[in-house]
Structure formats: structure tokens, C-alpha cells
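What follows is a short report on a single structure.
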Amino acid sequence: LHEEGLIYRDRFIVNWCPGCRTAISDLEVIPQETQGHLYTLSYPYADGDGAIQVATTRPETMLGDTGVAVHPDDERYREKVGRRVILPLVGRTIPIVADPFVERDFGTGAVKVTPAHDPNDFAAAQRTGLPPLVVMDEGGRMNDNVPEAYRGLDRFEARRRVVADLKESGHLVSITDHLHNVGRCQRCHTVVEPYLSTQWFVRIGPLAEAATRAVAEGRVRFTPPHWINSYNEWMGKIHDWCISRQLWWGHQIPAWHCASCAHITVSRETPTTCGGCGRRELTQDPDVLDTWFSSALWPFSTLGWPERTPDLLRYYPTSALVTGFDILFFWVARMIMMGLKFMGEVPFRQVYITGMVRDAEGQKMSKTRGNVVDPLALIERHGTDALRFTMAAMATPGADLPLDEDRMAGYRAFANKIWNATRFVLMNLGETGRASTPPALPAPAELAVPDRWILSRVSRLAGSVEAALEAFRFDETANALYQFLWHEYCDWYLEMCKPSLAPGASPADVDRARAVLLHVLDRVLRLLHPVMPFLTEELWQRLPHRGETIAQAPYPTLEADLLDERAEREIALIMEIVGRVRNIRAELSIDPGRRLPLLVHAGDRETRALLASHRDLIAALARLERLEEVESLGLAGPAARAVAAGCDMAVPLAGVLDLDAERRRLQRDIDKLSREGEGHARKLQNADFLAKARPEVVDKVRAAHDEAEARLRRLARTLESLG
RNA sequence: AGGCGCGUAGCUCAGGGGGAGAGCGCUACCUUGACACGGUAGAAGUCAGCGGUUCAAAUCCGCUCGCGCCUACCA
């Protein structure tokens with residue numbers, strides 16, 4: 001970079017931390033809104049009466065003033081330009097100059113110029129030829145360039161003394177409250193001082209331009225993409241980067257100073273002679289590089305660069321960088337710059353910007369801030385996997401994630417649920433559990449509908465998980481796994497399996513159930529492994545499995561031959577029937593242990609066939625005494641009624657039916673259906689809707705409307721029959 | 001000062017032009033041989049407000065209010 005003129009050494013205004021006694025970059029200065037004061041000072045003209053008034057928030061810097069500036073077009077001061085004023089307390093005479101950087105509307109329209117201690121003043125001084133005068137040392141104390149009374153004083157003590165003395169001498173016009181941003185050191189919080197010193201800089205323009213282009217061309221993609229705006233905005237107004245630090249830790253700058261001449265030798269190897277005069281009295285520059293400069297090289301420097309090692313060739317560029325937006329400029333942008341510069345290619349194809357974990361007050365957690373929640377304490381309370389799962393579940397792209405311990409507790413319960421589900425499977429495996437490899441999945445023809453249903457569902461799950469991971473949707477990944485494992489596998493499939501595993505079940509049923517239970521559990525554990533690595537490994541090892549570790553087991557993908565829409569439809573209807581019976585039981589306060597008779601009138605042949613083949617399953621899930629298919633429900637007598645997709649149902653409750661409760665229950669269902677039906681009807685009566693909406697939407701609404709109406713009629717009749 | 005994002009159930013948050021969702025919490029009942037860190041059923045929202053686009057808006061657009069963040073050399 002130095003050979004190409006992209007690194008240079010210059011005497012320039014930098015951000016200086018008097019606490020750390022080093023230069024820092026723009027990014028390391030944290031602006032903090034602070035209630036301060038605006039001091040208006042009066043500088044008398046050297047050649048006659050009167051004075052010019054200037055305003056400042058840092059009165060101590062007046063000791064380093066070498067001029068006063070006004071706007072060239074400001075009528076009030078036009079004839080003052082070129083005159084001289086006497087700097088109070090110091091006695092130096094300094095000129096009044098004109099420069100367009102002055103805001104005519106602010107303060108008095110005249111500004112004191114302290115080139116060595118203010119970036120604007122420095123720039124203006126370079127344009128107008130005012131000399132810089134450094135009045136502080138590296139620790140922020142006034143140096144020997146100020147009158148003796150102030151020498152050695154800390155800058156804030158000097159401020160008090162200067163103000164007091166100006167007041168005394170009549171040069172202080174006013175003090176007003178003033179809210180402004182004060183820059184503080186990111187590391188030690190000391191107020192940063194703009195300070196003239198000699199430092200090394202990166203000429204950032206060409207590097208930033210290439211990096212901006214790479215992102216614009218899509219060679220690096222951002223997730224979520226809106227971060228590109230921030231990236232571009234920063235790149236657009238970037239300043240040269242001060243990379244030298246007066247610190248001890250870091251890469252020492254490979255520059256050697258000659259004791260005899262002013263030449264500086266910059267070299268990869270330690271030079272033996274000065275590149276300027278050829279003598280041998282060389283000392284290496286004591287400064288080190290900004291740690292972020294070294295970090296910018298990380299994607300290739302860690303892989304053996306500048307050698308073209310096999311690692312470098314294979315892993316550069318890498319596929320994705322996962323990181324936080326707080327180091328988007330510090331690190332990500334600079335890795336792109338340096339990667340393009342030295343490798344001729346971006347360092348990564350994708351940047352996934354995570355949300356920021358925040359504390360209970362919504363504050364960013366950081367080591368510097370000291371408000372970090374100890375992850376070990378969270379792990380102690382909820383478990384490692386629960387913590388990790390929570391992070392994944394909360395990771396909506398673009399949103400922060402406030403730490404929610406209640407939610408984490410919920411995911412600990414989920415981990416416990418998985419543990420118990422696996423325990424159930426293990427205790428039902430019999431000799432299958434002692435086999436070294438999992439049993440083969442039976443042929444589809446030998447599988448029961450619930451088997452085909454759960455296999456179809458887990459295959460679909462693998463497909464959604466893959467899509468979610470591809471899109472960096474870790475929240476969708478976690479939620480899909482949670483929903484499937486708890487509410488499909490545990491709530492329904494395990495319950496559906498129990499009859500097949502009960503004593504007295506046929507050996508064929510037992511084998512079939514074992515094989516499917518294991519297959520699905522194995523798949524879901526693998527799918528879950530990236531999000532709950534410890535639990536899944538522990539459980540997987542206890543199941544019959546192939547391979548050393550679940551981490552190396554193939555990641556499941558959608559298996560099209562396992563998809564079975566018919567089985568999914570059938571199970572959905574079974575779930576609805578069972579749900580209706582459970583609702584009747586709960587709403588009418590019927591003893592949960594009591595086995596109920598259920599009369600069903602099927603509306604079509606398909607439903608009739610379904611009922612016939614799943615009589616035992618429905619009876620087991622709904623805790624029925626018997627399931628009876630009837631031609632008509634009219635003769636059922638006192639009974640709780642319900643309608644499902646393809647059938648009407650009645651639970652005869654002679655002698656115990658609470659008619660009022662039953663009426664309320666039915667009425668509530670009717671109300672709900674009516675609201676739905678009205679919404680649909682309104683649309684279907686709207687000619688514009690029928691004409692302009694997409695046909696499939698119209699069809700969908702019409703079907704939903706007809707279904708709602710049909711159910712509504714049947715429910716209304718039922719309610720009427722109650723009198 | 002510019003830029004970005006967010007306001008959806010009591011809480012924490014998904015969703016995102018056509019049926020308002022999840023977890024936790026809440027209510028009722030249940031110790032049923034995997035699991036009470038559990039089960040079943042249920043209550044609960046003017047999707048911040050106003051206006052616009054559209055056959056149709058929580059969803060798109062504009063404005064307002066509130067909150068958060070980033071960037072910035074007004075002394």
C-alpha cells in the first residue's frame with residue numbers, strides 16, 4: 001500500500017485520546033450529547049478601538065489561536081479582513097482572515113481559529129496560511145507554548161482559569177448554556193481532543209470505491225439487504241483512515257527512521273541500511289497498526305497469504321460472514337476493501353447481519369459497557385441448547401433480540417419434551433433398540449395412515465428447514481422444528497402409536513410402529529442438531545444409528561416419495577373429529593375419564609370409508625366407549641352435537657346433558673361461523689370482486705362460503721331441535 | 001442535520017394485499033404407564049393514529065405521533 005501511495009505519513013489533525021495517549025480513528029470516537037456552555041469572547045483590534053467577538057465551547061483553546069475567521073461575503077466584517085486583533089491573556093497579535101467555512105448565522109459570525117486543535121480550523125488554516133500552534137501535550141495538559149500561568153494545567157483546569165482570567169480582564173462577553181456533542185474515547189471514555197500530530201494514514205478513496213462497486217454489483221450480498229444503505233452512506237463520506245497507534249500491543253509498523261537523515265524506509269524485511277543516505281543507524285517506528293487494520297487482512301492473512309497455500313485457494317473467498325452491524329464499518333467494509341486490493345476478489349459472498357442482543361433495558365451488551373449477561377448463568381438456569389435455541393428463534397433478520405428469559409424457559413421445557421419423547425421411543429423399542437443399526441422402513445403398502453402422515457410431515461419439515469436455512473431464517477427454522485416435534489410428533493403421532501405398541505398388538509404392528517417412530521425421531525434430531533447440538537447428540541447416540549456422530553450424519557432433505565397428501569387430509573379430518581369430542585367433553589364438564597359413545601353420520605362415501613378404517617384410532621384418541629355409524633342422528637335423543645368437514649356427530653348424554661350449556665356451546669359455534677360466512681357473502685355479492693379478483697381467489701372464497709353455510713344450516717337445525 | 005428500523009393478544013415477538021398467529025402468562029378441568037418442564041379445552045387484539053391507492057389494506061403509499069439505532073467538522 002505504501003509503495004502505491006495508498007499509505008502515507010503526515011502531520012494532520014487526528015482524534016487524540018489523552019487517557020490512552022494515542023491517536024484513534026473516527027469510528028472509535030463516540031459522540032455523547034452533553035450540556036455545556038458557549039462562551040463569547042472579545043478580541044480587541046490591534047490598530048484601534050473596538051473588538052471582534054468570537055464564540056467557543058472550549059475557551060482553553062484560545063491560547064492556541066493564530067487567527068480569527070469570517071465569511072468572505074459577510075458584509076458586517078468585510079472591511080475587518082486583514083486587520084489584526086490582540087489575543088487576550090497571551091498578547092499575540094493575530095490576523096482576521098476570510099474563509100467560507102464560517103457559518104454566518106452561528107454565534108457572532110466570527111470564529112477563532114485554533115489550527116492545531118480543531119479539524120475545521122486546521123483545514124481553514126491550511127487554506128488561509130495561518131500557522132498551527134500546539135498548546136497541549138499528549139496527556140491533555142497545557143504545554144510551554146502558553147503563558148506560564150497555564151503551563152502544566154490539565155485542559156479542564158485550564159478552561160476554568162482561562163474563563164476566570166478573561167472575566168477579570170473584561171474579555172468575556174457572555175456564557176450561555178449549550179447542548180452539543182462531545183466525542184469520547186470508545187475504550188476509556190476520556191473526552192477526545194482534536195490534536196495535530198504526525199501519523200500514518202490510509203488513502204481510503206480508491207479502496208472504498210472498489211468496495212462500494214463490489215456490493216453494488218452483488219458480488220457481496222447483505223442479509224437483510226437494507227444494510228447496504230448504511231454501507232454505501234459510510235463509504236460515500238469516508239475520510240482517510242489514521243492507522244497508527246501509540247500503543248504497545250499490535251503489529252509494529254514496518255517503517256524505519258534514520259538517525260542521520262529524515263528518510264523513512266518502509267520495507268517488508270528489516271532493512272540494514274537507510275534507503276535515503278545508506279547509513280546503518282535505523283530505528284523501527286514504535287507505533288503499531290490499528291487493530292482493525294490487522295483485522296481487515298484476516299480473511300487471507302490467516303490462510304497463509306502471501307503464499308498461495310492450498311488453504312488460501314480453497315477457502316478464499318468464503319461463502320458467508322455472520323456478524324453484527326456494530327462492526328459493519330470497523331471490520332466488514334475494511335475486509336472487503338483489503339480483500340479486493342490484495343486478492344482481487346471479495347472475501348465472502350454473503351454477509352448475514354445478526355440482530356443485536358440487548359439487555360433488559362434494551363441496551364446493547366458489550367464488554368466495554370460492562371452490562372453483559374453472563375451466558376454461563378443463563379446456561380446454568382436453562383441449559384446450553386435452550387440458550388442457543390432461543391437465540392435462533394429470536395433471530396428475525398433486521399430486528400434486535402432483547403433477552404427474554406421467560407421464552408428461554410419455554411425452550412428449556414421443549415428440550416425436556418424431546419428428552420421425554422425419546423425416552424418413550426426407547427422404552428418401546430424392545431430388541432429393536434439393541435440392534436446396531438436402525439430397522440428399515442416398511443414398504444408404503446405396509447404402513448398405516450398415521451405412519452404415512454408423519455413421514456410425509458417430516459419430509460415436508462426437512463424441505464421447510466432447508467429453505468429457511470438457505471434464507472438465513474433461523475427463527476423460521478427453530479419454529480418449524482418446535483411446531484413439528486411438539487405438536488405433531490408428540491401430541492398426535494406418539495398418541496396414535498400407543499395402540500400399536502400396547503400389549504396384545506400384533507408383532508407386525510409393533511415392528512412397523514417402532515420403525516416409523518425411530519425413522520422420524522432420527523430425522524428430526526438431525527434437523528434440530530445445528531440448533532440444539534448437545535441434546536440431539538446425546539439422544540441420537542442412544543438410538544440405533546449409523547455413524548460416529550450426529551454431526552456427520554447427512555442433513556435430511558425433502559424426500560418426495562414420502563409426501564402423501566391423502567394421508568395428510570385423512571389425519572386432518574380425524575384430528576377435527578377428535579377435537580370436537582374433546583370440546584364437548586370440556587365445555588359440558590363431562591368427566592375426562594368417562595368413556596363416551598359417539599354417533600356419526602357421514603355425508604359422503606369417502607368419509608364413510610375413513611370412519612370404517614379408523615374406528616379404533618378415533619375411539620382411542622377421543623376416549624370413546626364406542627363409535628357408531630348411523631344413517632340419521634334424529635333418533636339420538638338428548639345428545640351433544642357437532643359438525644365436522646364430512647360428517648355430523650352426536651354424543652348421547654341421556655340424563656346428564658346440560659341443555660343450557662349445550663345451547664351456549666352451539667350458539668358460539670354458530671356465531672363464529674356466521675361471522676365467517678358474512679364476510680364471504682359480502683365479497684361474493686360484490687360485482688367488482690367477482691370481476692377483478694383472481695379466479696382462484698374467487699373459487700376459494702366461494703368454497704369457503706359454501707362450506708360455512710352448509711355447516712351453519714346443520715348447526716342451526718341442531719340448535720332448533722333442542723327447543 | 002441526514003439515514004435506517006420499529007410500533008400486532010397482558011408480556012416477548014412472528015406474519016405481511018383476500019381466513020388475525022406463536023411462545024410465555026391467564027381461566028377451567030385432568031397425577032390417563034414418555035413428559036405436571038405435562039395433557040385437554042378456552043378467554044383475550046380498532047394489527048399506533050389520520051388520509052390515499054385497490055374489487056379487497058394489519059399488509060402498499062403519504063402524513064402525524066411515539067420509540068430505538070447509525071452516521072455527521074456548526075465554533
Side-chain angles (χ1 to χ4, degrees), chain A residues 13 26-27 31 38-39 54-58 61 69 101-103 105-108 110-114 118-123 178 180-181 183 194 224 226-227 229-230 232-234 236-237 239 325-326 328-329 356 358 362 364 382 386 390 393-394 396 398-428 473 475-476 479 482-483 490-491 494-495 498 502 578-579 582-587 589-593 623 668 676 679-680 682-683 686-694 696-698 700-701 704 708:
Chain A
I13 280 274
D26 294 348
L27 283 175
L38 187 65
Y39 303 83
V54 295
T56 180
T57 54
R58 295 182 297 149
T61 62
F101 92 104
V102 179
E103 298 282 340
D105 300 338
F106 188 90
T108 60
V111 57
K112 58 193 269 318
V113 180
T114 320
D118 184 279
N120 283 319
D121 293 5
F122 181 75
H178 185 65
H180 63 144
N181 279 328
H226 70 249
W227 284 108
N229 291 332
S230 297
N232 287 336
E233 208 196 329
W234 186 69
K237 49 173 100 160
H239 295 113
F325 62 78
D326 54 331
L328 185 59
F329 308 136
M356 182 70 62
R358 298 187 179 274
K364 167 186 168 183
H382 306 293
T390 306
M394 303 287 290
T396 306
D400 286 342
L401 38 154
L403 205 68
D404 184 354
E405 227 183 305
D406 287 341
R407 192 148 167 178
M408 207 177 300
Y411 292 132
R412 178 196 55 195
F414 177 55
N416 189 58
K417 187 79 178 176
I418 302 164
W419 183 273
N420 280 310
T422 305
R423 217 157 59 98
F424 171 80
V425 172
L426 284 169
M427 72 173 51
N428 281 291
R473 291 305 305 258
D475 58 333
E476 287 179 359
N479 287 331
Y482 182 99
Q483 166 65 27
C490 289
D491 285 355
L494 294 192
E495 295 306 320
K498 284 177 183 174
V578 170
R582 286 171 175 171
N583 173 269
I584 287 170
R585 204 189 280 278
E587 297 275 315
S589 301
I590 297 165
D591 176 7
R623 297 186 71 77
R668 211 189 46 213
E676 249 175 61
H680 294 137
R682 216 175 304 125
K683 283 184 179 172
N686 182 339
D688 284 330
F689 172 72
L690 297 175
K692 296 182 181 173
R694 292 199 314 277
E696 60 267 32
V697 171
V698 177
K700 207 172 140 191
V701 170

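A, B, ... follow the sequence lines: proteins, then strands. Residue 1 opens every chain.
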Within the structure shown, what part of the strands sits under 4.0 Å from A:R473 by heavy-atom distance: base, sugar-phosphate, or nothing? sugar-phosphate

Using only side-chain N and O atoms of A:N583, determine if any of them is under 4.0 Å from OP1 or OP2 of B:G42. yes

Write down the partner of B:U59 under the Watson-Crick or G-U wobble criteria, each distance required to be under 3.5 Å. none

Evaluate the ring planes of A:Y482 and A:Y411, with Trp represented by its six-membered ring, and classify them as parallel (under 30°), tilted (30 to 60°) or perpendicular (over 60°). perpendicular

Any-strand Watson-Crick or G-U partner of B:U54, both distances under 3.5 Å: none

Both distances under 3.5 Å, Watson-Crick or G-U wobble: report the partner of B:C67, or none. B:G5

Name the nucleic acid region contacted by A:Y411, choosing base, sugar-phosphate or nothing; use a 4.0 angstrom heavy-atom cut-off, strictly under. nothing

Give a yes/no on whether any side-chain N or O of A:K692 is located under 4.0 angstrom from OP1 or OP2 of B:G17. no

Under 4.0 Å between any heavy atoms, over every strand shown, what does A:R582 touch: base, sugar-phosphate, or nothing? Just pick one. sugar-phosphate

Under 4.0 Å, counting only non-hydrogen atoms across every strand here, what does A:H180 touch: a base, just sugar-phosphate, or nothing? sugar-phosphate

Just to be sure I understand the rule, does A:E495 reach a base, reach only the sugar-phosphate, or reach nothing, if contact means heavy atoms closer than 4.0 Å? base

Quick one: does any side-chain atom of A:N420 pair with a main-chain N or O of A:N416 as donor and acceptor, under 3.5 Å? yes

Distance check, rounded to the nearest 0.5 Å: A:D118 atom CG versus A:K112 atom NZ? 8.0 Å

If you draw the axis of the six-membered ring of A:F424, does the NZ or CZ of A:K498 fall within 45° of it and under 6.0 Å from the ring centre? yes

Looking at A:K498, I'd like to know whether one of its side-chain N or O atoms comes within less than 4.0 Å of OP1 or OP2 on B:A34. yes

Taking only N and O in the side chain of A:H178, is any of them less than 4.0 Å away from OP1 or OP2 of B:A75? yes

B:G23 - base-pair partner by Watson-Crick or wobble geometry, distances under 3.5 Å: B:C11

Would you mind classifying the nucleic acid contact of A:L38 as base, sugar-phosphate or nothing, using non-hydrogen atoms under 4.0 angstrom? nothing

Any strand: nucleotide that pairs with B:U32 via Watson-Crick or wobble, under 3.5 Å: none

May I ask you to say what A:A413 touches in the nucleic acid, namely base, sugar-phosphate or nothing, with a heavy-atom cut-off under 4.0 Å? base

Is there a Watson-Crick or G-U wobble partner for B:U46 with both distances under 3.5 Å, and which nucleotide is it? none

For the pair A:E696 and A:K700, find out whether any cationic side-chain nitrogen is under 4.0 Å from an anionic carboxylate oxygen. no

How would you label the contact of A:F329 with the nucleic acid (heavy atoms, under 4.0 Å): base, sugar-phosphate, or nothing? sugar-phosphate

Once you round it to whole Å, what is the distance between P of B:G68 and CE of A:M356? 16 Å

